[in-house]
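Any value given below was found using the heavy atoms of this structure, including those in side chains, with hydrogens, waters and symmetry copies removed.
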Amino acid sequence: MPDARDHVPYPQIVADSKARPDLAPDRLLGTFTFQENVGVNDVSDATANLPPGAQLLGREWLGFDESGRALIRFQAQSAFTNRHGTIQGGFLAAMLDSATGICALAALTPDLTVVTTSLDTRFLKPAAVGPMTARARIIERMDREMVVQADLIDAEGVVVADAIARLRVLTKK
């Protein structure tokens, strides 16, 4: 059985300027259109009230692409660089963790939440300072657990890292 991360390159993306005129195609990776997803929960609370970690990463919820993958943008800052001048892997992992969590929240009722129990991350290419876009999708859903896969793509359209997250589904307190 192929690994969930054995993926084909994404097609080039074009921003839907009618839905989001503020998004210039040169700021995005590939192309996508924003659509209403029937059966997907509103994640506006999770995206409007950003926790400090998400604020630091510059997380921005973009919506869903034509295949139903959650799209989340991050801003890799120069403060995130290592001695090689590229983004330190821990920050890339944090972006992937955040993206998989938000993707999972979109599939849950408002009384539920998720926490990450494991994050298997691969660092594929050096990542530069600038915008990063994560594309995440649920690959398995059980009663109290979800498995979510995500790719992190740089401004040039290159997948720089990917991850598979196992998430525990919990009732909000």
Side-chain angles (χ1 to χ4, degrees), residues 2-15 20 22-32 34 43 46-65 67 69-106 113-140 145-168 170:
D3 186 302
R5 294 180 290 193
D6 291 339
H7 57 277
V8 296
Y10 291 106
Q12 268 311 99
I13 294 179
V14 175
R20 291 290 306 266
D22 59 312
L23 299 178
D26 63 330
R27 294 181 59 204
L28 299 173
L29 311 169
T31 71
F32 59 89
F34 292 89
V43 293
T47 59
N49 300 311
L50 292 179
Q55 289 176 28
L56 177 67
L57 297 173
R59 187 178 78 194
E60 178 187 2
W61 172 257
L62 299 178
F64 294 89
D65 69 9
S67 67
R69 291 178 192 257
L71 299 169
I72 304 96
R73 184 172 28 224
F74 298 93
Q75 184 61 41
Q77 303 172 35
S78 60
F80 299 175
T81 58
N82 57 28
R83 66 180 172 271
H84 306 290
T86 59
I87 303 302
Q88 195 269 339
F91 287 101
L92 300 176
M95 292 174 193
L96 288 162
D97 183 40
S98 181
T100 57
I102 287 292
C103 177
L105 286 175
T113 190
V114 293
V115 295
T116 305
T117 59
S118 71
L119 184 71
D120 180 17
T121 306
R122 296 188 311 173
F123 304 105
L124 306 170
K125 299 281 185 182
V129 171
M132 302 270 178
T133 301
R135 293 187 210 203
R137 66 186 175 96
I138 297 168
I139 58 175
E140 190 175 359
E145 189 174 347
M146 297 174 90
V147 180
V148 181
Q149 186 274 333
D151 295 324
L152 191 59
I153 307 153
D154 71 9
E156 303 301 317
V158 175
V159 177
V160 297
D162 63 14
I164 294 181
R166 290 198 170 277
L167 305 162
R168 173 77 58 209
L170 303 170

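Using a 4.5 Å heavy-atom threshold, the side chains of V129 and T81 count as touching.
For the atom pair CD of Q75 and CG of L57, the computed distance is 10.5 Å after rounding to the nearest 0.5 Å. Atom CG of L96 and atom CG of L152 lie 5.0 Å apart (nearest 0.5 Å). How far CE of M146 is from CD of E140: 10.5 Å, rounded to the nearest 0.5 Å. With rounding to the nearest 0.5 angstrom, the CZ atom of R59 is 3.5 Å from the CD1 atom of I102.
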Margin query: Set out, in order, the CA-CA distance, both residues' side-chain angles and the distance that settles side-chain contact (heavy atoms from CB on, under 4.5 Å) for F80 and M95, then state yes or no.
Written below: CA-CA 12 Å; F80 299 175; M95 292 174 193; 4.2 Å; yes
Next item on the list: Please test L124 against V160 for side-chain contact (heavy atoms from CB on, under 4.5 Å), starting from the C-alpha separation and ending with a verdict.
Entry: CA-CA 5 Å; L124 306 170; V160 297; 5.9 Å; no
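For the residue pair A136 and A150, the shortest heavy atom distance occurs at CB-CB, 3.9 Å. In plain terms, the two heavy atoms of I139 and R137 that are nearest each other are CG2-NH1, 3.2 Å. Residue T117 comes nearest to R168 through the heavy atom pair CG2-CB, 3.8 Å, listed as atom of the first residue, atom of the second, then distance. Considering all non-hydrogen atoms of both residues, A134 and A99 come closest at CB-CB, 3.5 Å. The shortest non-hydrogen separation linking L167 to T100 is CD1-O, 3.7 Å. Smallest separation of non-hydrogen atoms from T86 and P126: CG2-CB, 3.7 Å.
A donor-acceptor contact shorter than 3.5 Å links the side chain of Q77 to the backbone of L56.
The pair R122-D162 meets the salt-bridge criterion, since a charged nitrogen lies less than 4.0 angstrom from a carboxylate oxygen.
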